[in-house]
Amino acid sequence: MNPAYEELEKGGFIKEKQKDRYAMRLRTIGGDLSLTQLAGLIELAGRYGCGHVHLTTRQGVEIPGVALADYGNISRDLRRLGLWPGTCGPRVRTVLACAGNGRCAHALVDVHRLAGEIDARFFARDMPNKVKIGVSGCPNSCSKPQANDIGFVGAVEPVLESGLCAACGLCVEICPGGALALAGGRPRIDRTRCRHEGDCIAACPMDAWRAGRVGYHVYLGGQGGRSPATGRKVAAFVAADAVPGLVERLLASYVALARGGERIGDVMARLGNEAFRIAVAEESGEGGRSEWAV
Amino acid sequence: MGGVIPFRHVLDITGDVCPLTFVKTKLRLEEMAPGEVLEVILKGREPLHNVPRSAKEEGHRILGVEEAGDCYRLLIQKGERT
């Protein structure tokens, strides 16, 4: 048997209604494909598929209409394009990402680097149920990370260098959370209303607003499907290089706590957020409290 | 906003919406010499939100913003290397 068949255990080759026809799902990260890869997919979809591709809700591509006997061949040809078969079922799925800081002026963090790191470490790992992870570069949340089991949202904490402030009031006018007001010739910030988007930092004519903590807000338990739910914010300003370790502990806690096919949100709903937090803290062996700031 | 400003260009974008608000601002700035000042009259939160930060990102300097009735007056100094 073709060695590539071992990959079938990870899923991503999905039975269709038609006899001996499968959809080959690809492992895409944040929806990025090079032109060479796209051109190659056109060729492969024509040779092995039924002449079209399907774009998935997770920024991925599926090639429908592939015969089982062609699995080894299409898998080999995908590798030559630098692409890999995807996954399905109770596993860590392909990672969603927004446009990212390479081209979006709003993104505050290196979105695609983090998405790549998460994919490299966790992709297709077996889980009690599906685990979807999404990353967004700022609180605009264009990639909808809160609709994922684990979501990361880039965030910045504005800090005022008051000696530089010219009290022009621009930040007060544009603050999306209405967190700023001029008081005594200086903007005063209501931290409870700050959305950590950094618009004040980007717009300030005097560069008086500076970046304090920069990192990711973490949301847990979001999902679509038959019981849609929005992820709940569980941690703030987690540093990018601490994210993979946090995901590791979250997944270990989830595996230990899940009953049957519960998803992360189901476990949190049954146990409560605090019990889940304690479980993650115990899993880390050293508290983990500092990350779980909310 | 002090200093001697020899000539001030004026651009009214109160009737425009995104993305034309910044596109018009950018095109006008391209016609100007470095150091010259453009006064942009704008209305509403969207252009106030986007035009100053976009101008800053493209290397221009925001000299200030002031309310003018139901509009805002934004002063942008064209950057040296833009």
Side-chain angles (χ1 to χ4, degrees), chain A residues 99-110 137-142 154-156 158 160-183 185-187 189 193-211 214, chain B residues 1-3 5 8-9 11 13-14 16-23 25-26 29 32 34-82:
Chain A
N101 59 328
R103 59 194 169 94
C104 178
H106 297 278
L108 303 162
V109 284
D110 194 340
C138 80
N140 283 337
S141 300
C142 294
V156 63
L160 186 69
E161 191 92 30
S162 47
L164 298 174
C165 176
C168 71
L170 178 58
C171 57
V172 174
E173 294 297 331
I174 65 165
C175 176
L180 294 171
L182 278 182
R186 291 283 177 273
I189 188 164
R193 298 178 74 177
C194 177
R195 295 180 186 171
H196 308 134
E197 296 185 38
D199 287 4
C200 49
I201 300 170
C204 177
M206 309 308 292
D207 290 329
W209 282 109
R210 303 287 175 92
V214 180
Chain B
M1 252 171 256
I5 299 168
R8 186 186 278 194
H9 302 259
L11 175 67
I13 54 169
T14 53
D16 295 300
V17 293
C18 176
L20 272 181
T21 43
F22 183 65
V23 170
T25 306
K26 179 181 165 66
L29 283 163
M32 294 166 40
E36 286 186 339
V37 173
L38 175 63
E39 175 183 324
V40 184
I41 315 290
L42 48 82
K43 195 171 187 173
R45 287 184 59 83
E46 180 276 315
L48 193 60
H49 192 267
N50 288 314
V51 175
R53 71 182 287 163
S54 297
K56 224 177 119 181
E57 277 156 15
E58 300 222 340
H60 307 293
R61 186 165 166 232
I62 309 299
L63 297 181
V65 60
E66 55 197 38
E67 282 190 77
D70 61 346
C71 300
Y72 290 93
R73 189 178 291 123
L74 176 72
L75 296 182
I76 306 173
Q77 184 173 39
K78 176 159 174 162
E80 292 298 323
R81 292 166 52 210
T82 54

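In what follows, every chain begins at residue 1, and chains take the letters A, B, ... in the order their sequences are listed. Hydrogens, waters and symmetry mates play no part in the numbers below; they use all other heavy atoms, side chains included.
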For chain B, the option from A:Cys168, A:Ala202, A:Cys175 that forms the most heavy-atom pairs under 4.5 Å: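 The option with the most such pairs is A:Ala202.
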Which of A:Ala166, A:Pro176, A:Gly169, A:Cys204 touches chain B most, by non-hydrogen pairs under 4.5 Å: A:Cys204
Are any side-chain N or O atoms of B:Arg53 and backbone N or O atoms of A:Ala105, one a donor and one an acceptor, separated by less than 3.5 Å? yes
Could you tell me which portion of B:Glu46 (side chain, backbone, both or neither) has an atom closer than 4.5 angstrom to a non-hydrogen atom of chain A?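 No part of B:Glu46 comes within 4.5 Å of chain A.
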Proximal component of B:Arg45, with respect to chain A [non-hydrogen, under 4.5 Å]: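 The side chain, not the backbone.
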Does the side chain of A:Leu170 come within less than 4.5 Å of B:Pro52's, by heavy atoms?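 In contact.
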Taking atom CE of A:Met206 and atom CG of B:Leu63, what is their separation to the nearest 0.5 Å?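 Answer rounded to 0.5 Å: 9.0 Å.
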Show the nearest heavy-atom pair for residues B:Leu48 and A:Glu173, with the distance to one decimal.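 Scanning both residues completely, I find the closest heavy atoms to be CD2-CB, 3.3 Å.
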Does B:Arg61 have more than 12 heavy atoms from other residues, nucleotides or ligands lying within 6.0 Å of its CZ?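 Open: at most 12 neighbouring heavy atoms sit under 6.0 Å from CZ of B:Arg61.
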